[in-house]
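Accompanying notes for the structure given below.
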Amino acid sequence: MSDRLHNRKAKMNPEVVNKLVIYSSSTAVLFTVSLVIVKALFVYFSSLDTAPFPASIPWIQNQFECEKTGRNWNNNQCWDEEHSPWF
């Protein structure tokens, strides 16, 4: 009975082996590329300065209107200190 379960002449099908190698290689390449892309995006977004920086407000033309809105008047321009690079 054990002879019937263990066939010594049985060999692996070459088509199955080829598919297994191709799918395993493709999966490994896809995983590696995904990791590289995620790491690159992480480095890019973490390097952006998220602190606010000044920006000129072109539609406010006088010092009174500028300071009334809580902004700073400098060099005949109204400056807002709360702008974000994500804006």
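Nothing fancy with the numbering, it's 1 onward along the sequence. Only this structure's heavy atoms are used, side chains among them; waters, hydrogens and symmetry mates stay out.
Of the possible donor and acceptor atoms, none in the side chain of N75 sits under 3.5 Å from a partner among the backbone N and O of Q77.
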Which donor-acceptor pairs under 3.5 Å do side chains of residues 30-43 form with protein atoms, sequence neighbours excluded?
residue : atom : partner : partner atom : Å
T32     : OG1  : A28     : O            : 2.8
S34     : OG   : L30     : O            : 2.8

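Remark: the Q63 side chain and the E67 side chain contain an N/O donor-acceptor pair separated by less than 3.5 Å.
Between C66 and N72, the closest heavy-atom pair is SG-O, 3.4 Å. Across all their heavy atoms, T27 and Y23 have their closest contact at OG1-O, 2.7 Å.
Rounded to the nearest 0.5 Å, atoms SG (C78) and CD1 (I60) are 4.0 Å apart. Taking CD1 of I57 as the reference point, atom CD of E65 lies at 13.0 Å (rounded to 0.5 Å).
Side-chain atoms of R71 and W79, non-hydrogen and from C-beta on, never get closer than 4.5 Å to each other.
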